[in-house]
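I have placed the structure first, in the form of structure tokens, so that the comments after it can refer back to it.
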Amino acid sequence: MSVFKELQERGLIAQMTHPEEIQKLLENEKVTFYIGFDPTADSLHVGHFLQMVVMAHMQRAGHLPIALMGGGTAMVGDPSGRSDMRSMMSEEAIAYNVSRFKKQFERFLDFSDGKAIMVNNADWLMNLKYIPFLRDVGVHFSVNRMLAAECFKSRLEKGLSFIEFNYMLMQSYDFLKLNEDYGCILQLGGDDQWSNIIGGIELVRRSKGREVYGMTFTLLTTSDGRKMGKTQSGAVWLDPEKTPPYDFYQYWRNVDDADVIRCIKMLTFVPLTEIAKLETLEGSELNRAKELLAYEVTKLVHGKETADKVSAAAAAVFSQGTSDNMPSTAISADSVNAGISLLDIMLTAGLIPSKGEGRRLIVQGGVTVNDKRVDDPNLIIDSSYFENGEMIIRKGKKVYHKIMIK
RNA sequence: GGAGGGGUUCCCGAGUGGCCAAAGGGGGCAGACUGUAAAUCUGUUGUCGACGACUUCGAUGGUUCGAAUCCAUCUCCCUCCA
């Protein structure tokens, strides 16, 4: 099956500028394409991951990916799909974020032997001269049309500053630049990038008379339309320091029934024929699909070894209530011997954000210690609660945590 | 630069001198039901040495026995005009 068909059947493709031409190109030629990533945080997240999966599909099919780090565009801020202005980021923060992005990318795409290229648009955007830029690039943009673009729509009601209005020109110029330097003829991106991608295509056509193409991918949303990859504590990050692999695994293990199959299609390389079998699963059988999803995604992001470990840990925790590899916290023997409150332990283990929250949790029957429900908010823990130096705290139904004496 | 409107707790949004730790909704968390799902129902949702105390309503200062509410200055945002 061609990549094009593959992407299509996985439900990844949202919009295309030239459906027939793109399909033909991808099936007959080696295509150089790019996706831009603005370093607005110090780690990539699930939304980026989807883009990387697409790049990997393309790379496997023999096409040449350019991963564009938006060190320059992040200085401006993309207003697409946002209801308010991005806060300005310092140059140092952006440079640092770029370095983090690069690390994560190198693990995911194969950059050996020129099989993929990484560039940073700070290298050309930062040195642009205003007047020449306006004369060479600015002339090709119609403000009338820009104002009509979907990406500015919500901002025209709420307010849009000139700097953000320029974002489209920056991104369009990237495409032109990559077309000239690398022969890049295809830009991919999330569906929210449609307007920006069109901008680049028109710029290349008008200034160089060359036809280039664009294609966007379905945004990863839940069945009820919310963005996936968000939790109460923020985004689900690919950086294990920011989102521990165990939590990462659990996130996918707990997706809604309605989202599992779509996620497997979009985020893993599980063959479509395999997925077809999973689609027949119903009811509690879907748990098997969720386990597969969680395992596969964790494997892609954190490696097989980690995926094996955390999936085994999760399975053990939910069947036996304990595992060697479950999340754990060590506390000093002194504090246990002296008697330490359960609330303090939970606080240091990061199970609760405050003691008030912890009290409420206990009063409502949401905490168990060694499988016994706790009803006293002021419970003092001493060595009698530990067996072989271990104690298990469970918060709610799903959060298990082991306390060890060090 | 001129005129007007506005910044409230995680978000939206009430509140215009004491009854305000602040309505309502969303979201979150927990309980019940379940399949580590959804829906539904219930409880809860500033912090702490917790029938009490402390800190919050853009910032700072002031008026008052008492301020989210009144005054002054500052700051940011929006709308219209230039």
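Chain letters run A, B, ... following the sequence lines, proteins first, then strands; residues in each count from 1.
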Using the [atom1] atoms only, state how far [M] lies from [N], rounded to an integer number of Å.
{"N": "B:C48", "M": "B:G43", "atom1": "C1'", "answer": "23 Å"}
{"N": "B:A72", "M": "B:U79", "atom1": "C1'", "answer": "26 Å"}
{"N": "B:A21", "M": "B:U9", "atom1": "C1'", "answer": "9 Å"}
{"N": "B:G4", "M": "B:C74", "atom1": "P", "answer": "16 Å"}
{"N": "B:C57", "M": "B:A14", "atom1": "C1'", "answer": "12 Å"}
{"N": "B:G26", "M": "B:C77", "atom1": "C1'", "answer": "23 Å"}
{"N": "B:G62", "M": "B:A68", "atom1": "P", "answer": "15 Å"}
{"N": "B:A37", "M": "B:A32", "atom1": "P", "answer": "12 Å"}

Kindly determine whether A:Ser43 and A:Gln104 satisfy side-chain hydrogen bond (donor to acceptor under 3.5 Å, both in side chains), including the steps that lead there. CA-CA 8 Å; A:Ser43 169; A:Gln104 294 182 349; 3.1 Å; yes
Can you say whether the rings of A:Phe248 and A:Trp252 are parallel (under 30°), tilted (30 to 60°) or perpendicular (over 60°)? perpendicular
Starting at the 5' end of RNA chain B and moving along, which residue's nearest nucleotide shows up first, A:Ser354 or A:Glu357?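 The residue closer to the strand's 5' end, by nearest nucleotide, is A:Glu357.
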Starting from [atom2] on [N], measure out to [atom1] on [X] and report it in whole angstrom.
{"X": "A:Ile261", "N": "B:A37", "atom1": "CD1", "atom2": "C1'", "answer": "13 Å"}
{"X": "A:Asn378", "N": "B:A50", "atom1": "CG", "atom2": "P", "answer": "8 Å"}
{"X": "A:Gln320", "N": "B:U36", "atom1": "CD", "atom2": "P", "answer": "15 Å"}
{"X": "A:Ile352", "N": "B:U47", "atom1": "CD1", "atom2": "P", "answer": "10 Å"}
{"X": "A:Tyr251", "N": "B:A37", "atom1": "OH", "atom2": "C1'", "answer": "14 Å"}
{"X": "A:Glu282", "N": "B:A37", "atom1": "CD", "atom2": "C1'", "answer": "14 Å"}
{"X": "A:Leu351", "N": "B:C29", "atom1": "CG", "atom2": "C1'", "answer": "13 Å"}
{"X": "A:Arg253", "N": "B:A38", "atom1": "CZ", "atom2": "P", "answer": "11 Å"}

When you measure from the side chain of A:Lys355, which nucleotide among B:C48, B:U36, B:A38 comes out closest?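 Looking only at heavy atoms from C-beta outward on A:Lys355, the closest nucleotide is B:C48.
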Listed nucleotide nearest any side-chain atom of A:Lys290, set B:U36, B:G49, B:A37: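 The nucleotide sitting nearest to the side chain is B:A37.
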Between the protein and nucleotides 30-34 of chain B, list the N/O to N/O atom pairs that are separated by less than 3.5 angstrom.
unit_1 : atom_1 : unit_2   : atom_2 : d
B:A30  : O2'    : A:Gln364 : O      : 3.4
B:C33  : N4     : A:Lys397 : NZ     : 2.9
B:U34  : O4     : A:Lys397 : NZ     : 3.4

Determine: side-chain N/O of A:Arg288 to OP1/OP2 of B:U36, distance under 4.0 Å, yes or no. no
A:Thr216 and A:Asp191 side chains, donor-acceptor separation under 3.5 Å: yes
Judged by modelled atom types alone, do A:Ser384 and A:Asp382 share a side-chain donor-acceptor pair under 3.5 Å? yes
Distance criterion of 3.5 Å, no angle test: do you see the side chain of A:Asn254 paired donor-to-acceptor with the base of B:U36?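 Yes, a donor-acceptor pair under 3.5 Å.
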Please name the residue in the list A:Lys103, A:Arg107, A:Arg100 that meets the salt bridge (charged side-chain N to carboxylate O under 4.0 Å, His left out) test with A:Asp239.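 For A:Asp239, the salt bridge (charged side-chain N to carboxylate O under 4.0 Å, His left out) test succeeds with only one of A:Lys103, A:Arg107, A:Arg100, which is A:Arg100.
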Measure centre to centre between the rings of A:Tyr34 and A:Tyr182, then say whether the value is under 6.0 Å.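 No; A:Tyr182 has its ring centre 6.0 Å or more from that of A:Tyr34.
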Under the rule syn = chi within 90° of 0, otherwise anti, which is B:C51?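 This nucleotide is in syn.
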Any A:Asp42 side-chain heavy atom under 4.5 Å of A:Tyr96 side chain: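 Yes - at least one pair of side-chain heavy atoms lies under 4.5 Å apart.
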May I ask you to test the A:Lys402-A:Pro327 pair for a side-chain heavy-atom distance under 4.5 Å?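 With C-beta onward as the side chain, the pair stays apart.
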Got a minute to check which stems RNA chain B is part of, using Watson-Crick or G-U wobble pairs under 3.5 Å, three or more consecutive? B:1-7 with B:75-81, B:10-12 with B:24-26, B:27-32 with B:40-45, B:46-48 with B:52-54, B:58-62 with B:70-74
Can you check whether A:Ser112's main-chain N or O pairs, donor with acceptor, with A:Asp110's side chain at less than 3.5 Å? yes
Applying side chain to side chain contact (heavy atoms under 4.5 Å, CB included) between A:Ile393 and each of A:Asn370, A:Leu342, A:Thr368, report the one that passes. A:Leu342
Are A:Arg253 and A:Tyr295 in a cation-pi setup, meaning NZ or CZ lies under 6.0 angstrom from the ring centre and within 45 degrees of the ring axis? no
